[in-house]
Amino acid sequence: SGNSAPLNEAMAVLQHHDAVSGTSRQHVADDYARQLAEGWGPCEVLLSNALAWLSGSKDVFTFCLNLNISICPLSQKAASFQVTVYNPLARKVDWMVRLPVTKGVFLVRDPNGRTVQSSVVVSPSTEQKDLSELLFSASVPALGFSVYSVDLLTSRDAQARTPKPRPKNSS
Amino acid sequence: SHILAIENEYIRATFSPKTGLLVEIENLEKNLVLPVQQAFFWYNASVGDRISSQASGAYIFRPSQQQPLPVRRWAQTQLVKTALVQEVHQNFSAWCSQVVRLYPGQRHLELEWTVGPIPVGDSWGKEVISRFDTSLETDGVFYTDSNGREILERRRDYRPTWNLNQTEPVAGNYYPVNTRIYITDGKVQLTVLTDRSQGGSSVRDGSLELMVHRRLVKDDRRGVGEPLLESGSGAWVRGRHLVLLDTVQTAAAGHRLLAEKEVLAPQVVLSQGGGAPYNLR
């Protein structure tokens, strides 16, 4: 069972100016980080439960906390995965999704099964690590989510590019 | 010798072929062109001087001199262009780099900077800033927000409610920036949105700066009892500045909507798919 209370409490503690402005001693800063990390664990379960309920599917959801530094083990290893994009704004947004992937050709489909334009960018900084980033534009409704599916194409698939059955819909 | 530029239907950003630095932003929709030189600098942190023994520390920002030093006067650049993104990768030094990015349909320029670990082997505390220098005649005035709510006018070397005797020409003009800072000449406005709270200022007319990272070697004796110096090699910081060039009349609509999108950004969750159907029972 999930629980957001520990994260609530950690966030409340972190309202202290020491945590906001960085004026704490190192061991206190380490403890702030510990409280946040421990609070996030049960909250992640809560979010997974909510997503399962909303999407009607009991998936193992993965939260890539290091996406800002282009690290996400699932997208870097899986040949096929789904991307749930949640929009907390009260208006529709179009947003560029960036996911670290291994090199290859990918097929991205929107919630209606239509193929979405995507690019695999090998940036100069990631080239040495055999890592690329998959980019596609996601359209997400107000206060809602969209589920996009991503498939790594084999060389034969890439040539044929046949559309597959539509993935799970979303709202 | 070729002009290095990225552009979409709304924005064009031009970089100097000699230095690799951003030198001009153009709003193609409104026909606005603004020479903007953006680069990274660092203030040498004070360890105390003749006037005051106050050192720069976790609580106190006190540079030893008014002029910051450039991290480097030029950047090694690489250009990436695909149908969905255009990027200029700028490498200033082993501890300072940046990606300037444009997506199709985007009305702002995205600057993703990576700074750290700041070297302090020379025993000099360093406070790193990203600075935008323009030709705008701002007359000592700039604007910062207060928790994303009010935008407050800040006037250099001035406080609205008392006669200020300015003793710190740089730090005394620094203000909190929660989500945005901007300068304007009454016609054109250059706005920079931040992805986190930072300190910012306009130390000279037409200039705008934000502090992105700092690493100090001396405690400021304000209660922490240790210098702002991470153990080990030091911290890496990565963040984003979103830059908007607009007319004064329409700038607010642009930065308010964009700031909402930044603060309440979409969240991404991945799954393998093919899970069992779920119902409440």
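Please read all numbers here as calculations on a predicted model, not as lab measurements. Naming: A, B, ... by sequence-line order, numbering from 1 per chain.
- Among Leu229(B), Val263(B), Val224(B), the residue with the largest count of heavy-atom pairs under 4.5 Å with chain A is Val224(B).
- Atom NE2 of His255(B) sits about 8.0 Å away from atom CG of Leu244(B), to the nearest 0.5 Å.
- Taking the centre of each ring, Tyr43(B) and Phe61(B) come in below the 6.0 Å mark.
- In terms of heavy-atom pairs under 4.5 angstrom with chain B, the leader among Val150(A), Ile69(A), Val20(A), Asn87(A) is Ile69(A).
- Among all heavy-atom pairs drawn from Cys96(B) and Asn91(B), the shortest one is O-OD1, 3.6 Å.
- When atom types are taken as modelled, the side chain of Lys261(B) and the backbone of Asp94(A) share a donor-acceptor pair closer than 3.5 angstrom.
- Taking chain A as the reference chain and counting heavy-atom pairs below 4.5 Å, the highest number among Val85(B), Val269(B), Leu264(B) is found for Val269(B).
- Counting all heavy atoms, side chain and backbone alike, Tyr10(B) lies closest to Gly105(B) at CE1-O, 3.6 Å.
- When heavy atoms are compared at a cutoff of 4.5 Å, Leu228(B) approaches chain A solely by way of its side chain, counted from C-beta outward.
- For the pair Glu110(B) and Arg98(A), the salt-bridge criterion is not met [side-chain N within less than 4.0 Å of a carboxylate O].
- Gln267(B) touches chain A through backbone and side chain together, each having a heavy atom under 4.5 Å away.
- In Gln76(B), the CD atom is not crowded: 12 or fewer heavy atoms of neighbouring residues, nucleotides or ligands sit closer than 6.0 Å.
- Residue with the most contacts toward chain B among Leu99(A), Val93(A), Leu89(A), Asn49(A): Leu89(A) (heavy-atom pairs, distance under 4.5 Å).
- Only the side chain of Val80(B) comes within less than 4.5 Å of a heavy atom of chain A; its backbone N, CA, C and O stay farther away.
- Side-chain atoms of Asn3(A) never come within 3.5 Å of backbone atoms of Pro42(A) as a donor-acceptor pair (strictly under, hydrogens ignored).
- Only one option out of Thr144(B), Asp145(B), Val192(B) pairs with Arg180(B) in a side chain to side chain contact (heavy atoms under 4.5 Å, CB included); it is Asp145(B).
- Only the side chain of Pro104(B) has a heavy atom closer than 4.5 Å to any heavy atom of chain A.
- In this structure, chain A has no heavy atom under 4.5 Å from any part of Ile60(B).
- Only the side chain of Arg101(B) comes within less than 4.5 Å of a heavy atom in chain A; its backbone stays farther off.
- The residue among Phe63(A), Trp95(A), Phe81(A) with the most heavy atom pairs within less than 4.5 Å of chain B is Trp95(A).
- Looking at Glu87(B), only its side chain comes within 4.5 Å of chain A, counting heavy atoms on both sides.
- Enclosure of atom CH2 in Trp124(B) is not indicated, since only 12 or fewer non-hydrogen atoms of other residues, nucleotides or ligands lie within 6.0 angstrom.
- Interface residue Leu51(A): only side-chain heavy atoms are found under 4.5 Å from chain B.
- The contact between Val60(A) and chain B is made entirely by backbone atoms, counting heavy-atom distances below 4.5 Å.
- For the set Gln117(A), Arg91(A), His17(A), the entry with the most heavy-atom pairs within less than 4.5 Å of chain B is Arg91(A).
- Both the backbone and the side chain of Ser75(A) come within less than 4.5 Å of a heavy atom in chain B.
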